[in-house]
Amino acid sequence: MYETKEQIIKKADNFIEKAKNAHKLMLERGLNFTQMGTKQQNLLSSGLEAEVIKEFAKYDEILEFSNPVLKAGGKAGEFDGLVSEYLIEVKYNVSGETKSGKFLEQFEKYINRNHKDYINVENKKVVLFIKEFSKGGNVNQSVLKQLQKKGVIIITELSQIKKLY
C-alpha cells in the first residue's frame, strides 16, 4: 500500500523534529557530522532527507519517501525519495576520502538497467543532494565527477531544487 502525500509529509515532519535534537546536540558539543555517533548521524541524515523531499514537494508529486525497495528474495535497496521526475539520494556528508567502489555501487542500482538490483524501474533522472563536505571533499572530486558523467545531477543547496523544474 502506498502512502498518501499527507502521510508522507507527516512522516517527513516527524523525521525533521527528531533531527532537531541531534542538531542541537551537535552544536552544543561543538562537533561536526563526522564526529557524531551513528545514531545521531542517522537522525541528522533522516531529517535532511525529509527537508529535501519537502522541498521537492513544492514543485513535484511525491511518490515515495524513505522506503525500502523489495524484489524477489528480499530488499534490493532503498532510495531516499521518489517524485514524478526524479529519484533522489541524499548524503549529509561526503568526504574527500570517499572510496569510489561502494559509493558508485549504490548508484549503479539507480542508473544501470543491467544491475541485478536495479530499482529505478521508471528510469527517472537521479539527483544526489549533498549537504556538506569534509576532509577536502567537493563537487569536483573524482567519485562525484564519475557520477555526473553517468547522468547523476548533483546539488548542494535546497534552492537548487527549484532550478530543476
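Every value quoted in this text rests on a predicted model; they were computed, and no experiment measured them.
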Test side-chain contact (heavy atoms from CB on, under 4.5 Å) applied to L104 and V143, step by step: CA-CA 7 Å; L104 292 176; V143 68; 3.9 Å; yes
Check against side-chain contact (heavy atoms from CB on, under 4.5 Å), K20 and E17: CA-CA 5 Å; K20 285 180 182 176; E17 197 57 40; 3.5 Å; yes
Salt bridge (Lys or Arg N to Asp or Glu O under 4.0 Å) between K91 and E89, worked out: CA-CA 7 Å; K91 300 288 185 196; E89 180 62 31; 3.6 Å; yes
Worked verdict on I53 versus I62 for side-chain contact (heavy atoms from CB on, under 4.5 Å): CA-CA 8 Å; I53 200 69; I62 304 172; 4.0 Å; yes
Pair I161-V52, side-chain contact (heavy atoms from CB on, under 4.5 Å): steps then yes or no: CA-CA 9 Å; I161 294 170; V52 170; 4.2 Å; yes
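Shown here is K124, whose NZ atom has more than 12 heavy atoms of other residues, nucleotides or ligands within 6.0 Å.
Under the 4.5 Å side-chain heavy-atom criterion for grouping Ile, Leu, Val, Met, Phe, Trp and Tyr, I8 is connected to L48 within one hydrophobic cluster. By the rule that hydrophobic residues join a cluster once side-chain heavy atoms approach within less than 4.5 Å of another member, L27 and L43 end up as members of separate clusters. Hydrophobic clustering (ILVMFWY, side-chain heavy atoms < 4.5 Å, transitive): I111 and L87 are in one cluster. Cluster annotation: I154 is connected to F79 through the hydrophobic network of ILVMFWY side chains, with a link wherever side-chain heavy atoms come within less than 4.5 Å. Cluster annotation: Y110 is connected to V94 through the hydrophobic network of ILVMFWY side chains, with a link wherever side-chain heavy atoms come within less than 4.5 Å.
The shortest side-chain heavy-atom distance between I88 and V83 falls under the 4.5 Å cut-off. Between F65 and L82 the shortest side-chain heavy-atom distance does not fall below 4.5 Å. Inter-residue side-chain proximity for L144 and F133 is flagged as met; some heavy-atom pair is nearer than 4.5 Å. Counting heavy atoms from C-beta outward, H23 and L44 have side chains that approach closer than 4.5 Å.
Note that CD1 of I130 and CD of E157 are 11.5 Å apart. Values are rounded to the nearest 0.5 Å. Between the OG atom in S84 and the CD atom in E122 there is a gap of 8.5 Å [rounded to 0.5 Å]. Residue L158 holds its CG atom at 11.5 Å from NZ of K54, rounded to the nearest 0.5 Å. Remark: I153 CD1 to F129 CZ distance equals 14.0 Å, nearest 0.5 Å. The line from CG of D117 to CD of E108 is 11.5 Å long, rounded to the nearest 0.5 Å. Distance check: S66 OG to K11 NZ gives 5.5 Å after rounding to the nearest 0.5 Å.
Across every non-hydrogen atom of Q146 and S100, the tightest pair is NE2-CB, 4.2 Å. In this structure, G47 and A19 approach most closely via the heavy-atom pair CA-CB, 3.6 Å. Of all heavy-atom pairs spanning D80 and E49, the tightest one is OD1-OE2, 3.3 Å. Closest approach of K145 and V139 over heavy atoms only: CE-O, 4.3 Å. Across all their heavy atoms, A22 and M36 have their closest contact at O-CE, 3.7 Å. Of all heavy-atom pairs between E3 and Q7, the closest is CA-OE1, 3.3 Å.
Residues meeting the side-chain hydrogen bond (donor to acceptor under 3.5 Å, both in side chains) test with E132, sequence neighbours left out: N93.
Checked against the 6.0 Å centroid criterion, the rings of Y59 and Y86 do not qualify as a close aromatic pair.
Inspection of the E105 and H115 side chains reveals an N or O donor paired with an N or O acceptor under 3.5 Å. A side-chain donor from one of N123 and Y118 sits under 3.5 Å from a side-chain acceptor of the other.
Relative orientation of the F103 and F107 rings is tilted, given thresholds of 30° and 60° on the angle between their planes. Ring geometry, Y92 versus F33: the interplanar angle falls under 30°, so the pair is classed parallel (tilted spans 30 to 60°).
Side-chain atoms of E61 never come within 3.5 Å of backbone atoms of A57 as a donor-acceptor pair (strictly under, hydrogens ignored).
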